[in-house]
Amino acid sequence: MHTINQEVGKKIRSFRKIKGLTVQQLADMIYKSKATLSKYESGDITIDLVILYSIAKALNVQVEQLLYIEPRQPSTLINTLPSTFFKNSTRFYSYFYDGRINKLVRCVVDMLAQPDDNRYKTMLYMNVKNFEHYQECENTYWGHTEHYDTLTTLMLKNQATPLENLTINILASFLESEQKWGLMSGVSFRPFMPIALKMLFFENTHTRNSRANS
């Protein structure tokens, strides 16, 4: 339990810093003392659900983003998926090339929960500094993923700019492979314009590190 408290606390601290808030400022927003919030962040106090939702609201993130999800383990949420590629993990890594800035952009996708039979709550962290601290990113997108026999589709909305919507389609995700190509399309606000580009997805850190170094 202490490990879970510490991991949740780390996420709270990370998002607080990303939002540019001090411990005192966030504590005031959730009507707690600075000492209490510090103990939440250090994992010394277990956070109840009401407080966790209050913290998520204050940070303008989804409460699922603050939960601890052990990475790289087979998930009971996705063990019956028709998609072979997505059965093996709840976290995926991706690259795409942004021609506007002539840069390779790193992304992380987290599958968080299953509200319906073939739909999964999903977070996309775009333009992350590194894969180990992927919450430190330029943009976050919230939505869901739908899995079918021949197609996996991610439908996402920018948390900071809700008008910005993205759709990512991945074909033949039922085939065994360490990587998959996807097509991302939608409307970007950097600048405001329609976009369509290819994304390369990986299941594990070994594959994406090898690809990045090639």
Side-chain angles (χ1 to χ4, degrees), residues 1-73 75 77 89-94 98 101 103 105-115 120-145 154 156-166 187-192 205:
M1 180 63 72
H2 186 61
T3 299
I4 295 175
N5 291 341
Q6 287 181 322
E7 294 299 324
V8 171
K10 287 179 183 178
K11 290 192 174 186
I12 293 171
R13 181 170 60 251
S14 177
F15 281 114
R16 175 179 60 76
K17 290 182 177 180
I18 291 170
K19 302 293 183 178
L21 296 172
T22 65
V23 174
Q24 186 64 66
Q25 286 172 327
L26 180 57
D28 291 342
M29 294 170 72
I30 63 171
Y31 305 103
K32 295 292 183 180
S33 69
K34 180 179 178 181
T36 297
L37 180 59
S38 294
K39 290 181 179 179
Y40 287 155
E41 292 190 352
S42 64
D44 292 332
I45 297 179
T46 299
I47 307 174
D48 65 44
L49 286 176
V50 174
I51 297 301
L52 191 63
Y53 271 87
S54 296
I55 293 173
K57 183 178 180 180
L59 294 173
N60 192 29
V61 299
Q62 301 294 326
V63 70
E64 288 89 345
Q65 291 177 260
L66 302 179
L67 299 177
Y68 173 60
I69 302 174
E70 190 173 1
R72 311 314 315 158
Q73 298 296 323
S75 171
L77 291 174
S89 180
T90 56
R91 182 167 300 155
F92 303 89
Y93 307 91
S94 178
D98 191 336
I101 56 176
K103 180 181 176 182
V105 177
R106 300 181 183 91
C107 301
V108 173
V109 175
D110 273 341
M111 302 287 182
L112 301 175
Q114 181 183 12
Y120 299 80
K121 289 183 180 180
T122 302
M123 285 296 311
L124 169 67
Y125 298 86
M126 182 181 290
N127 199 7
V128 304
K129 294 181 180 180
N130 61 68
F131 285 122
E132 282 68 35
H133 304 284
Y134 62 91
Q135 290 93 349
E136 299 178 17
C137 64
E138 182 179 2
N139 291 296
T140 56
Y141 296 81
W142 169 256
H144 66 272
T145 298
L154 287 70
L156 307 164
K157 185 185 297 289
N158 191 315
Q159 286 190 295
T161 312
L163 287 176
E164 184 177 356
N165 292 274
L166 297 176
V187 176
S188 170
F189 280 77
R190 299 179 309 136
F192 184 71
T205 55

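Keep in mind the model is a prediction, meaning the values are calculated, not measured.
Judged by distance alone, the side chain of S54 and the main-chain N or O of L52 form no donor-acceptor pair under 3.5 Å. Of the possible polar contacts, one joining the N165 side chain to the L163 backbone as a donor-acceptor pair under 3.5 Å is found.
Counting heavy atoms from C-beta on, the side chains of W142 and M123 come closer than 4.5 Å. Looking at N5 and D44, their side chains never come closer than 4.5 Å, going by heavy atoms from C-beta outward. The side-chain heavy atoms of V23 and S38, taken from C-beta on, include a pair separated by under 4.5 Å. Between N60 and F15, every side-chain heavy-atom pair lies at or beyond the 4.5 Å cut-off. Looking only at side-chain heavy atoms (C-beta outward), I55 and V63 stay at 4.5 Å or farther from each other. With a 4.5 Å cut-off on side-chain heavy atoms, L112 and L67 do not count as touching. In this structure the side chain of V61 never reaches within 4.5 angstrom of the side chain of T140, judged on heavy atoms. Residues K11 and Q65 form no side-chain contact, since every pair of their non-hydrogen atoms from C-beta on lies 4.5 Å or further apart.
When every heavy atom of F92 is checked against every heavy atom of M111, the shortest pair comes out as CE1-CG, 4.0 Å. Among all heavy-atom pairs drawn from L26 and A58, the shortest one is CD1-CB, 3.7 Å. Residues A56 and Q62 come closest through the heavy atom pair CB-C, 4.2 Å. The nearest pair of heavy atoms linking A27 to S33 is CB-O, 3.6 Å. For the pair V128 and C137, the tightest heavy-atom approach, listed with the atom from each and the gap, is CG1-CB, 3.7 Å.
In this structure, Q135 CD and S14 OG are separated by 5.0 Å, a value rounded to the nearest 0.5 Å. Here the straight-line distance linking atom CG of L66 with atom OH of Y53 works out to 10.5 Å at 0.5 Å rounding. The CE atom of M29 lies 11.0 Å from the CG atom of L37; values are rounded to the nearest 0.5 Å. Atom CD1 in I30 sits 6.0 Å away from atom CD1 in I51 (nearest 0.5 Å). From T161, atom OG1 reaches atom CG of N139 across 7.0 Å, with rounding to the nearest 0.5 Å. Between the CG atom in L154 and the CG atom in L166 there is a gap of 10.0 Å [rounded to 0.5 Å].
No donor-acceptor contact under 3.5 angstrom links the side chains of Q159 and E164, judged on distance only.
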Could you walk me through whether E138 and V105 pass the side chain to side chain contact (heavy atoms under 4.5 Å, CB included) test, one step at a time?
-> CA-CA 10 Å; E138 182 179 2; V105 177; over 6 Å; no
Give the C-alpha distance, both sets of side-chain angles, the deciding distance and a yes or no for side chain to side chain contact (heavy atoms under 4.5 Å, CB included) between H144 and K121.
-> CA-CA 4 Å; H144 66 272; K121 289 183 180 180; 5.7 Å; no
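A salt bridge does not link K103 to D98: none of the charged nitrogens lies less than 4.0 Å from a carboxylate oxygen.
Put simply, the residue from F131, Y134, Y125 that forms a ring pair (Phe, Tyr, Trp, His ring centres under 6.0 Å) with Y93 is F131.
Checked against side-chain hydrogen bond (donor to acceptor under 3.5 Å, both in side chains), R106 has no partners two or more places apart in sequence or in another chain.
For the salt bridge (charged side-chain N to carboxylate O under 4.0 Å, His left out) condition, the pairs that include at least one residue of residues 12-40, sequence neighbours left out, are R16-E41.
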